[in-house]
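Reminder, nothing fancy here: chain letters follow the sequence lines and each chain counts from 1.
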2 protein chains.
Amino acid sequence: MSAGPLPTIHEVARLAGVSVATVSKTLNRSGKVSEVLQERVNAAAQKLGYAPHASARSLRSGATRILGLLVADLTNPYFLRLVENIERLSSAAGYSVILCNSAEDPEREERHLAMLLSQRADGAIVIPTRRGWSGRLAALSSLPMPGILVDRRIEGLDLDSVTTDNLTLGRLAAEHLDDLGHRRVGVIMGSPEHQIARHRLDGFRTGFAERGVTLDERLIEKNNFSEMAGHAAALRLLSRSTRPTAIFATNNHLALGLLRAVGERGLSIPDELSVIAVDELPWAGLVRPGMTVVTQPSEAIAETTVSTLLRRISEGRSGMDEDDNERSIQLPPALVVRGSTAAIRKQP
Amino acid sequence: MSAGPLPTIHEVARLAGVSVATVSKTLNRSGKVSEVLQERVNAAAQKLGYAPHASARSLRSGATRILGLLVADLTNPYFLRLVENIERLSSAAGYSVILCNSAEDPEREERHLAMLLSQRADGAIVIPTRRGWSGRLAALSSLPMPGILVDRRIEGLDLDSVTTDNLTLGRLAAEHLDDLGHRRVGVIMGSPEHQIARHRLDGFRTGFAERGVTLDERLIEKNNFSEMAGHAAALRLLSRSTRPTAIFATNNHLALGLLRAVGERGLSIPDELSVIAVDELPWAGLVRPGMTVVTQPSEAIAETTVSTLLRRISEGRSGMDEDDNERSIQLPPALVVRGSTAAIRKQP
DNA sequence: TCTCATTTGTTAAACGTTTTCTTAGCGAGT
DNA sequence: ACTCGCTAAGAAAACGTTTAACAAATGAGA
């Protein structure tokens with residue numbers, strides 16, 4: 001509508017017949033401004049369609065009200081739920097979110113972090129790449145901007161982190177299967193050099209151990225995290241002379257591969273095989289017997305992440321010294337029982 | 001590592017023993033700077049870990065190198081693929097992306113647009129809310145910043161838009177089913193007041209009409225876009241005395257509901273019913289006979305969107321006048337045949 | 001009436017860049 | 001020797017805010 005570039009605070013001031021300082025104070029509700037002037041200012045701003053220039057504002061004030069969100073893998077539905085929730089919460093708190101996808105590539109991660117630094121984001125939320133941590137991630141712990149890790153912790157770094165309690169997650173799965181009488185259980189997991197996979201397995205193992213059951217190590221398939229790997233692993237498990245009566249798939253992609261394999265073998269779930277997976281899946285409703293899963297508390301994780309980061313930001317602003325560093329928050333998963341697991345029928 | 005706040009261009013200049021102007025010219029490769037000084041500057045910048053202050057830069061230069069990405073529904077997997085591709089392309093072109101989710105809520109859309117305006121984003125990519133267009137969206141066509149619509153066109157606005165050619169999409173589905181001999185076909189679609197649904201149906205109808213087949217209007221289920229609606233509609237279709245031999249589900253959610261209904265009825269696909277859907281689905285590999293789908297060209301759409309917007313931005317910068325307005329780009333979908341459709345067996 | 005507080009408003013100085021304009025330096029042509 | 005170009009470097013003026021410091025105005029107490 002209006003021609004020419006956007007109006008500045010000066011034009012608002014001129015139209016309202018006051019100084020720019022008065023306009024600024026009015027619009028930010030800081031300082032004292034009389035009722036009558038406030039109205040004049042607001043009217044003028046309204047009429048001109050004034051929108052404060054964020055760059056100018058942050059240049060002067062030092063805060064950008066921007067959060068960086070750097071995700072390791074945008075194709076992972078679990079991360080997507082996190083992104084969605086984090087965006088919602090940040091936005092509600094008055095922060096904009098710059099979305100970055102590193103696609104599991106440390107180099108992209110590095111570049112994005114440099115960009116976020118240049119943008120002077122007030123904070124960064126990072127789901128880090130699997131392979132090692134870049135120097136720039138380490139730098140987050142100190143000065144440039146407060147950062148927080150989500151879902152994946154990095155051992156050596158003293159950065160806040162919010163993750164699922166994966167030990168408990170494994171244990172929940174174990175206890176459920178044990179309750180149903182399963183003793184010969186298979187596990188399809190990613191590489192044990194990744195903390196998450198390791199913790200889930202450890203929890204699973206512990207859960208059974210506490211009930212006096214020892215896992216058959218030969219039924220633990222350790223590979224990578226892809227659907228193909230899950231498929232192959234499942235076929236191996238199902239081809240054994242005495243195949244497991246239940247299988248625990250420790251992530252989304254692996255579960256997909258497992259289900260595909262089960263379908264190909266024509267096995268019926270849960271009659272011939274019980275299956276328990278991790279995370280609510282978008283297509284969960286589709287699978288005929290609904291999937292029994294251990295879910296990660298994605299809303300709670302998003303909420304804790306954002307609130308913790310915002311707290312760090314305000315602390316930093318007030319110059320508080322780093323006292324309670326190395327806060328690693330772990331949130332509890334939940335078991336959702338559906339039709340894909342059942343009590344064992346016959347003991348062959 | 002380094003204590004205190006981040007270094008400015010002045011500190012780099014002092015360390016290199018030159019003026020700030022020289023540093024700026026060196027770092028931006030603008031203006032003439034002698035070899036030796038360039039090296040001194042780069043070394044100093046490197047040593048200090050200098051990162052240019054984006055706010056200051058854009059305040060002076062007028063460009064933020066930020067793109068707004070405002071999505072109507074982050075839970076839609078198709079939109080997610082768009083987001084992923086758009087982020088990748090923008091990032092490769094040196095732009096950062098501010099992600100906003102309106103969640104089909106016009107009010108949130110409005111707020112986000114105001115925020116993007118305040119941030120002085122260089123451009124905005126918008127998948128608009130279904131219900132009506134906000135005044136601020138209309139404003140995009142004129143001055144504040146160049147904007148482009150994706151996936152959903154808005155009739156009255158003279159804004160660039162990039163969408164799937166939904167007429168052709170419908171026609172492709174129709175021709176495929178006709179080739180297989182289907183004559184009694186059902187359609188499960190969203191509300192016909194939405195252009196997309198209407199176009200897909202029109203194309204579908206036309207495709208059959210061109211082969212001399214008239215659709216049975218009673219088999220066209222018009223509801224909303226939810227999975228629940230799809231499920232209910234499917235149940236209605238499958239309960240008819242003479243049920244259709246094939247069903248066309250015009251979107252993701254509806255297809256999910258349809259498949260659930262088919263499962264509940266214990267019908268076998270494609271022997272008793274052929275099913276064709278829209279869009280590659282994340283869980284496509286899972287469904288036993290793979291799904292036959294008409295896919296939207298999401299990569300091409302993302303590519304066209306970003307390049308068109310960036311062109312608009314540079315045009316705007318060079319002050320070019322709006323000549324070829326109202327560009328509505330439509331990209332062709334593709335048919336992917338899998339196992340969920342088959343030639344009709346018996347004619348009951 | 002004169003001071004002194006207290007309120008309300010304005011002036012002007014930052015914030016960290018980019019960029020225009022100016023100047024210094026210098027070799028070449030007369 | 002003097003001017004004329006030419007190049008590389010620097011000085012300083014923006015860009016649009018916020019905010020500290022200050023001025024003006026008002027009312028109260030003596």
note = One should read off an interatomic distance between B:N85 CG and A:N101 CG, to the nearest 0.5 angstrom, of 10.0 Å

Whole-Å gap separating C1' (D:dT7) and CG (B:L37) = 13 Å

request  = Apply salt bridge (charged side-chain N to carboxylate O under 4.0 Å, His left out) to B:R312 and B:D160, showing your working.
outcome  = CA-CA 9 Å; B:R312 281 284 194 228; B:D160 289 323; 2.6 Å; yes

request  = Take the protein atom CZ of A:R65 and the nucleotide atom P of D:dT17, then report the distance between them rounded to whole Å.
outcome  = 17 Å

Value in whole Å for how far the C1' atom of D:dT19 lies from CD1 of A:I9 = 12 Å

message = Go through it in stages, so that I can follow the logic: the residues are B:R111 and B:R108, the test is side chain to side chain contact (heavy atoms under 4.5 Å, CB included), and I'd like the CA-CA distance, side-chain angles, deciding distance and then a yes or no.
response = CA-CA 5 Å; B:R111 275 209 310 275; B:R108 279 177 72 173; 3.5 Å; yes

inquiry  = Between B:T163 and B:D151, do the side chains contain a donor N or O and an acceptor N or O under 3.5 Å apart?
reply    = no

task = Could you walk me through whether A:I313 and A:Y95 pass side chain to side chain contact (heavy atoms under 4.5 Å, CB included), step by step?
result = CA-CA 12 Å; A:I313 289 174; A:Y95 283 79; 4.2 Å; yes

query = How far does the helix from C:dT1-D:dA30 to C:dT30-D:dA1 bend, going by the axes of its first and last five pairs, to the nearest 10°?
reply = 70°

request  = Find the distance B:H10:NE2 to D:dA11:P and express it as a whole number of Å.
outcome  = 11 Å

note = Sorted by number, residues from residues 13-30 of chain B placing a heavy atom under 4.0 Å from DNA chain D are B:V18, B:S19, B:A21, B:T22, B:K25

key: Heavy-atom side-chain contact between A:H53 and B:R120 under 4.5 Å   = yes

message = Quick check: on DNA chain C, is the nucleotide nearest A:R120 upstream (toward 5') of the one nearest A:R60, or the reverse? Name the residue that is more 5'.
response = A:R60

query = Considering only heavy atoms from C-beta outward, does the side chain of B:T22 approach that of B:Q38 to under 4.5 Å?
reply = no

task = Could you go through the side chain to side chain contact (heavy atoms under 4.5 Å, CB included) check for B:L159 and B:I154 one step at a time?
result = CA-CA 8 Å; B:L159 264 179; B:I154 293 186; over 6 Å; no

key: Residues B:D73, B:T75; criterion side-chain hydrogen bond (donor to acceptor under 3.5 Å, both in side chains); working and verdict   = CA-CA 5 Å; B:D73 177 11; B:T75 68; 2.7 Å; yes

key: Start and end of chain B contact along DNA chain C [non-hydrogen atoms, under 4.0 Å]   = C:dG16 to C:dT19

query = Passes side chain to side chain contact (heavy atoms under 4.5 Å, CB included), B:L116 versus B:I98? Steps please.
reply = CA-CA 8 Å; B:L116 290 175; B:I98 293 188; 4.1 Å; yes

message = By the definition side chain to side chain donor-acceptor pair (under 3.5 Å), identify the one residue from A:E104, A:E107, A:E109 that meets it with A:T129.
response = A:E109

